[in-house]
Protein chains: 2
Amino acid sequence: MKLTSKGRYAVMALVDLARFNNLNPVSLRDISLRQGISLDYLEQIFSKLRKKEIVQSVRGTQGGYVLSKKAKEIKLTNILDAVDEKVKTLQCKKESKKGCNGRSTKCLTHNLWDELENHINNFFEKKSLDDLVKDNTEKRV
Amino acid sequence: MKLTSKGRYAVMALVDLARFNNLNPVSLRDISLRQGISLDYLEQIFSKLRKKEIVQSVRGTQGGYVLSKKAKEIKLTNILDAVDEKVKTLQCKKESKKGCNGRSTKCLTHNLWDELENHINNFFEKKSLDDLVKDNTEKRV
DNA sequence: TATATACTTGACTAAATTAGTCAGGTTTAT
DNA sequence: ATAAACCTGACTAATTTAGTCAAGTATATA
Ligand code: FES
Ligand code: FES
């Protein structure tokens with residue numbers, strides 16, 4: 001059970017972006033340098049974030065990205081969803097009435113993993129980008 | 001973020017085993033047939049469970065496996081740990097004072113992922129094998 | 001208007017991980 | 001003796017991850 005670097009980087013980059021957001025667009029190059037993430041990889045990630053309307057792009061010199069909404073309105077769920085970092089604890093399709101391996105009934109652990117999935121998603125629903133920015137600025141005071 | 005089938009099968013197999021445990025040793029062949037898990041794969045899994053003293057083996061004809069402790073005393077944590085299904089949300093080494101990619105400070109998301117890891121592990125600490133067996137027998141009443 | 005900065009897109013790939021299989025044992029009840 | 005069942009280690013195909021690479025387009029500014 002591990003987090004992939006795509007999800008990790010997406011959040012990291014957005015926290016970085018959110019801290020500088022009110023001034024000017026933030027270029028991926030800056031984020032790349034500050035956070036030590038490959039520029040090419042960041043481009044892939046931001047392309048997805050843009051499609052899900054979490055960020056907006058500003059092209060040309062002095063361009064970059066800005067948040068599409070207020071940091072308080074962007075939940076961790078939204079970010080992870082945008083980059084396809086899904087929580088998948090069930091083996092079966094949740095909606096289907098069939099079990100794990102195409103069997104006719106749900107397996108002995110189905111309910112357990114379903115509960116776990118909810119438990120994790122609750123965590124992601126509660127955390128906003130704003131919370132994360134604050135977590136990191138408080139320490140500097 | 002997904003669960004591997006090794007972890008999934010380990011729990012599934014142990015719930016199956018626990019249900020028949022009081023009578024005789026349960027053979028992997030039976031578990032394999034009932035749960036639809038490859039016998040060879042089960043053997044790998046039970047070898048690990050045995051090394052961590054979650055099950056005991058009984059060799060020879062009519063042999064099989066029995067639980068080493070009471071189902072109430074076996075937590076999900078113990079099972080997942082035994083088969084190396086670890087929760088890993090942090091990129092850095094938790095103990096180290098260095099950050100993600102060997103940097104000198106912890107990254108912007110370190111605390112977040114640390115919190116998440118605890119959140120998930122709490123879930124695993126609370127659930128015992130006994131809970132899972134009961135979840136599945138209640139329904140039959 | 002030339003140029004440098006920065007976003008945009010899509011294809012490609014090396015490395016790691018997963019989810020098993022396979023072959024050859026050993027032990028023991030009947 | 002034999003069959004059931006555990007035991008061990010090596011091997012592999014498929015998938016996923018974590019990027020790289022190449023070839024653009026848009027725009028501020030000197
Ligand atoms: S996880 Fe849904 S049936 Fe097994
Ligand atoms: S996760 Fe620990 S420093 Fe980034």
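Per chain, numbering begins at 1; letters A, B, ... match sequence-line order. Computed from a predicted structure; not experimentally measured.
- Residues Asp30(A) and Lys2(A) each lie close to DNA chain C; by heavy-atom proximity, the contact nearer the 5' end of the strand is made by Asp30(A).
- Closest-nucleotide positions on DNA chain D for Val58(B) and Gln91(B) were compared, and the one nearer the 5' end corresponds to Val58(B).
- For Ser38(A) and dA18(D), the shortest distance from a side-chain N or O to OP1 or OP2 is not below 4.0 Å.
- Residue Tyr9(A) places at least one side-chain N or O under 4.0 Å from the OP1 or OP2 atom of dG19(D).
- Between the CG atom of Leu49(A) and the P atom of dC7(C) there is a distance of 13 Å, given to the nearest Å.
- In this structure, Ser57(B) reaches the dC7(D) phosphate: one of its side-chain N or O atoms is under 4.0 Å from OP1 or OP2.
- For the pair Leu42(A) CG and dC7(C) C1', the computed distance is 12 Å after rounding to whole Å.
- A pairwise comparison of heavy atoms in His110(B) and Leu90(B) identifies O-CD2, 3.4 Å as the closest pair.
- dC7(D) atom P lies 17 Å from atom CZ of Arg29(B), rounded to whole Å.
- Taking atom CD of Glu43(B) as the reference point, atom P of dA23(C) lies 14 Å away to the nearest angstrom.
- dT16(D) atom P lies 20 Å from atom NZ of Lys88(B), rounded to whole Å.
- The one candidate from Thr137(A), Asp130(A), Asn136(A) that meets the side-chain hydrogen bond (donor to acceptor under 3.5 Å, both in side chains) condition with Lys134(A) is Asp130(A).
- Side-chain N or O atoms of Asp131(A) include none that pairs as donor or acceptor with a backbone N or O of Lys127(A) at under 3.5 Å.
- Rounded to the nearest 0.5 angstrom, Lys126(A) NZ and Leu76(A) CG are separated by 12.5 Å.
- Going from atom CZ of Phe46(B) over to atom P of dT8(D) covers 15 Å, rounded to whole Å.
- Note that NZ of Lys48(A) and CZ of Phe46(A) are 13.5 Å apart. Values are rounded to the nearest 0.5 Å.
- Of the inter-residue distances, the one linking Ile31(A) atom CD1 with Tyr9(A) atom OH reads 13.5 Å to the nearest 0.5 angstrom.
- Closest to the side chain of Gln44(A), from the set dA11(C), dC21(D), dC6(D), is dA11(C).
- Linking ILVMFWY side-chain heavy atoms closer than 4.5 Å, directly or via other members, places Phe123(A) and Met1(B) in a single hydrophobic cluster.
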Pairwise N/O distances under 3.5 Å, protein to nucleotides 24-29 of chain D:
| unit_1 | atom_1 | unit_2 | atom_2 | d |
| --- | --- | --- | --- | --- |
| dT25(D) | O2 | Arg59(A) | NH2 | 2.7 |
| dA26(D) | O4' | Arg59(A) | NE | 3.2 |
| dA26(D) | O4' | Arg59(A) | NH2 | 3.4 |
| dT27(D) | O2 | Thr61(A) | OG1 | 3.4 |
| dA28(D) | N3 | Thr61(A) | OG1 | 3.3 |

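- When heavy atoms are screened at a 4.0 angstrom cut-off, Val55(A) is found touching no nucleic acid atom at all.
- Residues Thr4(B) and Glu85(B) bring a donor and an acceptor atom of their side chains to less than 3.5 Å of each other.
- Arg103(A) CZ: more than 12 foreign heavy atoms inside a 6.0 Å radius.
- Under 4.0 angstrom from either OP1 or OP2 of dC22(C) there lies no side-chain N or O belonging to Tyr41(B).
- Helix-axis bend for the helix from dT1(C)-dA30(D) to dT30(C)-dA1(D): the local axis fitted to the five terminal pairs at one end deviates from that at the other end by 10°, rounded to 10°.
- Whole-Å rounding puts the Lys48(A) NZ to dT8(C) P distance at 15 Å.
- Between Leu3(B) atom CG and dA19(C) atom P the separation is 9 Å, expressed in whole Å.
- Using a 4.0 Å cut-off, no side-chain N or O of Thr4(A) falls inside it from OP1 or OP2 of dT16(D).
- Residue Ser5(B) has its side chain nearest to dA19(C) when only dA5(D), dA19(C), dT9(C) are considered.
- Side-chain atoms of Ser68(A) and Glu53(A) form no donor-acceptor pair, as typed in the model, at a separation below 3.5 Å.
- Side-chain atoms of Arg50(B) lie closest to dC7(D) of the nucleotides dT9(C), dC7(D), dT18(C).
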